[in-house]
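Notes to accompany the following structure.
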Number of protein chains: 2
Amino acid sequence: MWIHPDEHKVVGEVLADFRKQRGLRQQDLAGLLGKPQSFVSSYEAGQRRIDILELLRIASALGTAPNEIFTEIIHRASH
Amino acid sequence: MWIHPDEHKVVGEVLADFRKQRGLRQQDLAGLLGKPQSFVSSYEAGQRRIDILELLRIASALGTAPNEIFTEIIHRASH
DNA sequence: TACAGAATATCGGAATTTTCGATATTGGAT
DNA sequence: ATCCAATATCGAAAATTCCGATATTCTGTA
């Protein structure tokens with residue numbers, strides 16, 4: 001148990017949506033990141049934090065600019 | 001001991017430079033963040049990771065857009 | 001240079017988080 | 001209802017974080 005203040009759930013949801021938009025499975029993305037599927041599952045559920053470098057790598061794997069992800073997080077967190 | 005792959009040092013250096021540009025001491029920024037000075041010292045030295053939400057808060061406290069920080073990190077990390 | 005005070009860095013060890021494979025659960029299609 | 005893909009959860013060892021107290025480094029000034 002523990003972690004996710006609600007805002008971390010928002011982060012996970014945004015990252016999950018970006019992944020799904022690309023038609024990737026957690027396992028696919030995990031492979032690109034060199035991590036197990038449970039890693040992706042965990043952060044998408046807001047159970048694990050993503051640090052700056054991880055975000056850069058995830059954004060890169062998803063073929064998006066980090067700022068796109070940030071913009072969406074801020075947008076959703078403000079509701 | 002441990003953490004900082006070199007890239008985490010870059011993250012810390014960038015954040016330190018942004019802080020200094022604003023004429024803030026670690027203690028000042030720490031106060032804005034509700035954390036001890038050792039927190040700022042630690043991540044600026046690349047000894048502690050900064051997660052996405054923390055970056056948003058730090059950027060906000062420094063009066064800059066998160067993307068400015070990212071851009072600089074990517075720029076420096078690519079050298 | 002020598003000093004004072006400000007600024008930053010380091011320590012220690014308890015608490016929290018992360019790790020990853022194995023397993024369980026859920027979801028979608030037929 | 002069954003099959004299989006996709007995602008979620010577990011556990012317990014390893015790694016990281018936490019923060020105040022203290023040490024060190026830095027800066028200006030006599």
Side-chain angles (χ1 to χ4, degrees), chain A residues 1-64 66 69 72-73 76-77, chain B residues 1-64 66 69 72-73 76-77:
Chain A
M1 278 253 213
W2 290 163
I3 285 224
H4 51 143
D6 286 348
E7 289 175 317
H8 268 110
K9 274 195 265 189
V10 171
V11 171
E13 286 166 10
V14 168
L15 291 173
D17 287 347
F18 271 83
R19 172 181 60 77
K20 289 171 189 167
Q21 283 169 17
R22 270 76 182 168
L24 292 174
R25 296 167 303 161
Q26 291 184 345
Q27 194 173 348
D28 299 324
L29 176 54
L32 294 172
L33 298 172
K35 298 275 186 177
Q37 170 265 331
S38 58
F39 169 83
V40 175
S41 173
S42 184
Y43 76 66
E44 289 189 351
Q47 285 162 3
R48 184 201 181 283
R49 300 171 171 114
I50 293 298
D51 73 37
I52 295 185
L53 297 181
E54 288 168 340
L55 179 64
L56 289 176
R57 293 180 188 124
I58 292 168
S60 171
L62 294 177
T64 190
I69 295 173
E72 186 60 25
I73 290 170
R76 294 198 201 177
Chain B
M1 279 256 211
W2 290 165
I3 284 219
H4 50 141
D6 286 348
E7 289 175 316
H8 267 110
K9 275 195 264 189
V10 171
V11 171
E13 287 167 9
V14 168
L15 291 173
D17 287 347
F18 271 84
R19 173 181 59 78
K20 289 172 189 167
Q21 283 169 16
R22 270 75 182 168
L24 292 174
R25 297 167 302 160
Q26 290 184 346
Q27 194 173 346
D28 299 324
L29 176 53
L32 294 172
L33 298 172
K35 297 275 186 177
Q37 170 264 331
S38 58
F39 170 82
V40 175
S41 173
S42 184
Y43 76 67
E44 289 189 351
Q47 285 162 4
R48 185 201 181 283
R49 299 170 170 117
I50 293 298
D51 72 37
I52 296 185
L53 297 180
E54 287 168 339
L55 179 64
L56 289 176
R57 292 179 188 125
I58 292 168
S60 172
L62 293 177
T64 190
I69 294 173
E72 186 60 25
I73 290 170
R76 293 198 202 177

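First the proteins, then the strands, lettered A, B, ... as listed; each starts at 1.
Distance, Gln47(B) CD to dT17(D) P: 10 Å, rounded to whole Å. In this structure, Phe39(A) atom CZ and dT18(C) atom C1' are separated by 10 Å, rounded to whole Å. Distance Lys35(B) NZ to dC19(D) P: 5 Å, rounded to the nearest Å. Protein atom CD of Glu54(A) is 6 Å distant from nucleotide atom P of dT19(C), rounded to whole Å. In this structure, the CG atom of Asp51(A) is 15 Å from the P atom of dT17(C), given to the nearest Å. Distance, Ile50(B) CD1 to dT16(D) P: 15 Å, rounded to whole Å. Protein atom CD of Gln26(A) is 12 Å distant from nucleotide atom C1' of dA5(D), rounded to whole Å. When the C1' atom of dA8(D) is taken as reference, atom NZ of Lys9(A) falls 15 Å away, rounded to whole Å.
One distance of note links CZ of Arg57(A) with CD of Glu7(B); it measures 5.0 Å at 0.5 Å rounding. Taking CD1 from Ile58(A) and CG from Leu15(A), the interatomic distance works out to 5.5 Å, rounded to the nearest 0.5 Å.
Distances shorter than 4.0 Å separate some side-chain N or O of Arg19(B) from OP1 or OP2 on dT8(C). Residue Arg48(A) places at least one side-chain N or O under 4.0 Å from the OP1 or OP2 atom of dT19(C). Note on Arg25(B): every side-chain N or O is 4.0 Å or more away from OP1 and OP2 of dA6(C).
For Gln27(A) and dA5(D), a side-chain-to-base donor-acceptor distance below 3.5 Å is absent, hydrogens and geometry of angles not being considered.
Between the side chains of Gln37(A) and Gln26(A), at least one donor-acceptor pair of N or O atoms lies under 3.5 Å.
Side-chain atoms of Ser41(B) lie closest to dT8(C) of the nucleotides dA21(D), dC18(D), dT8(C).
Under the 4.0 Å criterion applied to side-chain N and carboxylate O atoms, Glu72(A) and Arg76(A) are assigned as salt-bridge partners.
Counting non-hydrogen atoms under 4.0 angstrom, Gln37(A) reaches a base of the nucleic acid.
Of the possible polar contacts, none joining the Glu44(B) side chain to the Ser41(B) backbone as a donor-acceptor pair under 3.5 Å is found.
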